[in-house]
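Numbers restart at 1 for each chain; the letters A, B, ... are given by sequence-line order, proteins then strands. Because the structure is a prediction, the values reported are computed rather than measured.
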Protein chains: 2
Amino acid sequence: MAQVTLRDIADHLSMSVSTISKALKGYADISKETRELILATAEEMNYIPNASAVNLRTKQTKTIGVIVPSTEHQFFSKVLSGIIDEAEKYGYLVIILQSNENYNTEKQQLQLLKQNRVDGILISLSNETHRFEHIEKLMKEDIALVLFDKTTKLLPCSKVAIDDRQAAYSAVECLLKKGYKRIAHFRGPHIPQLSIDRFLGYKQALIDYGIPFDPSLVYVCDNNDDFKDGYENARLLVQEHKDVDAIFTITDVVAVGVMKYFKDVKISIPDDIALFGFSNWFMASVVTPSLSTVDQPTFEMGKTAAKILFEEIKALKNKVKIEPREIILPTSLKIRESI
Amino acid sequence: MAQVTLRDIADHLSMSVSTISKALKGYADISKETRELILATAEEMNYIPNASAVNLRTKQTKTIGVIVPSTEHQFFSKVLSGIIDEAEKYGYLVIILQSNENYNTEKQQLQLLKQNRVDGILISLSNETHRFEHIEKLMKEDIALVLFDKTTKLLPCSKVAIDDRQAAYSAVECLLKKGYKRIAHFRGPHIPQLSIDRFLGYKQALIDYGIPFDPSLVYVCDNNDDFKDGYENARLLVQEHKDVDAIFTITDVVAVGVMKYFKDVKISIPDDIALFGFSNWFMASVVTPSLSTVDQPTFEMGKTAAKILFEEIKALKNKVKIEPREIILPTSLKIRESI
DNA sequence: TTGTATGCGTTATCAC
DNA sequence: GTGATAACGCATACAA
């Protein structure tokens, strides 16, 4: 059974298609009676407008695209939830794509979204992405774009993120104030701004507190398996630096990997080594000992990014120039048993 | 800058639109030279087909819709990942909607997807959904539909799920074999088939092992906050039934809530009470003590559901009648420290 | 091998 | 107040 069209309703009522269309859209120049008749008939015939036809005519799809490195990542799934919720309020649909931290995939997916003429795009950059032509190209066209979480300073578009550097600084500062002196950092991959910033925050805090920065205390987690990275790096650390008294990790899962290793080799947290995570995922509160970490407004980040995107879509539609904005969401420390 | 159309290319090359169209689609009746010229020009002009126009013509959108109760739920985010990955292979885009366990929302979202003429729909039913007219209506139209995870026996469409009853049976059987005799069950809400089935598996195991079923040992988790449900029900249980020696929970997060309460009141797991979860989420392996649970193929469920959906979309397109299938994915027990 | 004509379902401008 | 008519961008049957 094919879908009912305006034509079908028109035929059924022996009226013209344009009359039906106008009545359905509440135009003033249709008499109340006919309008009501048409509305009732449409309802009865189970009419549903064909979005493709509408898109073609109106040149807007009421759809946005979102590219994230991975949907199953707890952080992103929560952001997505925020985005989808917000989109629904605005009557927008959300197409979700995962780049798997791959630059080429990300690039291709942008094409796909363009092909579908989405009204706007939200991206959290892949770890691999260090060239931005694909995005710059996009920005020159009539398509709104907002970066979130994994952003870059090299792109003059709106962004929603946290102050990773400051947040990391606070975390390490907290360790320092507690008296820890030999603090290692399990950092993220080299490209993403976010992992650079957290590293810089770490370094700065050490310097500010008169602790010499020791590069050999920085371990990189770049195997796309944070838990394992944490576990392995913990193993290495214990071999190489017996004097370390605290670790600040790029993310909670890394910290949980560390905990696992320490549990296996009977190193006690925080007595032997303290541990500070980042993200405040659910698991941070339920592991033993519970994990001190940096709380970031995840759901809010999604909502905010979406909200800004919709504003830009609206501006674009009205041919108003958009001023790129950078929203920094507040973070806070969750102090728990691990320090 | 408006998007380049076939017309633009045609004008640029002084050819007809249809020639361009055919060349781009690789039709045989275009000479190799012109085709190559056209391909090069299209590339150069940065032509990207307008999906809305194509949809309108071809009556397929190469898009599927997915409705889940919540994307931030770890289980669903993993399923979604499987769906998106699989869709990408088939060249399909995925629109994701969350019903928030609300029947009316689910119903409305189905309308939205119809409006967008998606080629197929995947749904995991909301906990509230106990009427299925909205879905039955859909099934009568040219739109493929596959249920996953939260399915129902009342709908004659394809389904992908696990054997919840059997899986729950195995878990409880495992507890019984270990010698636990007074086993409570923290069940899910009353409507979803899945929580009914897990409950039935629990009950059956007891009966088969000669333990009388005691309804007062069954606690319901229906506040949409599994952790809290677990925590609160644990509190109640301890008050009401001091003799219970094991708990089987509907899901891991509930179990983690239980663990938290027990930790707070110094009840030892598994010495005082054993604990068995369901889902094998990441956290199950990292809490202390680690949680015994039922492992289910989450990512696989998404992939499988998508795969079946695409088969049905294909069948529908070729006007082949589709035979509903029910795929049961295998589960297994993960025995850890909590029992 | 290429071009012409038509229609997909809708919106919007213009007559009547 | 209502109805032709054209246009959105593309695909395809058919004519040349």
Gln60(A) CD to dG9(D) C1', straight-line distance once rounded to whole Å: 17 Å
Spacing between Glu36(A) atom CD and dG1(D) atom C1', to the nearest angstrom: 15 Å
Does any N or O in the side chain of Asp11(B) come within less than 3.5 Å of the main-chain N or O of Asp8(B), such that one atom is a donor and the other an acceptor? no
For Arg35(A) and dT2(D), what is the distance between atoms CZ and C1' respectively, to the nearest whole Å? 14 Å
Pairs meeting criterion side chain to side chain donor-acceptor pair (under 3.5 Å) with involvement of residues 320-329 of chain A, two or more places apart: Glu311(A)-Arg325(A)
May I ask you to verify if any side-chain N or O of Thr34(B) is less than 4.0 angstrom from the OP1 or OP2 atom of dT1(C)? no
Look at Thr19(A) and dT2(D) and indicate whether a side-chain polar atom (N or O) is within less than 4.0 Å of OP1 or OP2. no
Output one letter per nucleotide in nucleotides 6-16 of chain C: B when a protein non-hydrogen atom lies under 4.0 Å from the base, S when only the sugar-phosphate is that close, - when neither is. -BBBBBBBB--
Tell me which pairs pass side chain to side chain donor-acceptor pair (under 3.5 Å) where either residue lies in residues 297-307 of chain B, with sequence neighbours left out. Glu86(B)-Lys303(B)
Please name all residues satisfying side chain to side chain donor-acceptor pair (under 3.5 Å) with Ser70(A), sequence neighbours left out, ordered by chain then number. none
Can you tell me the distance, in whole Å, between the CG atom of Asn55(B) and the C1' atom of dC10(D)? 10 Å
Those residues at least two apart in sequence (or on a different chain) that pass side chain to side chain donor-acceptor pair (under 3.5 Å) with Lys114(B) are Glu141(B)
Which ring pair (Phe, Tyr, Trp, His ring centres under 6.0 Å) pairs, counting each pair once, include a residue from residues 38-89 of chain B, with sequence neighbours left out? His73(B)-Phe76(B), His73(B)-Trp281(B)
Could you tell me the separation between the CG atom of Leu24(B) and the C1' atom of dT2(C), rounded to a whole number of Å? 16 Å
Expressed as a whole number of angstroms, how long is the span from Asp8(B):CG to dG9(D):P? 8 Å
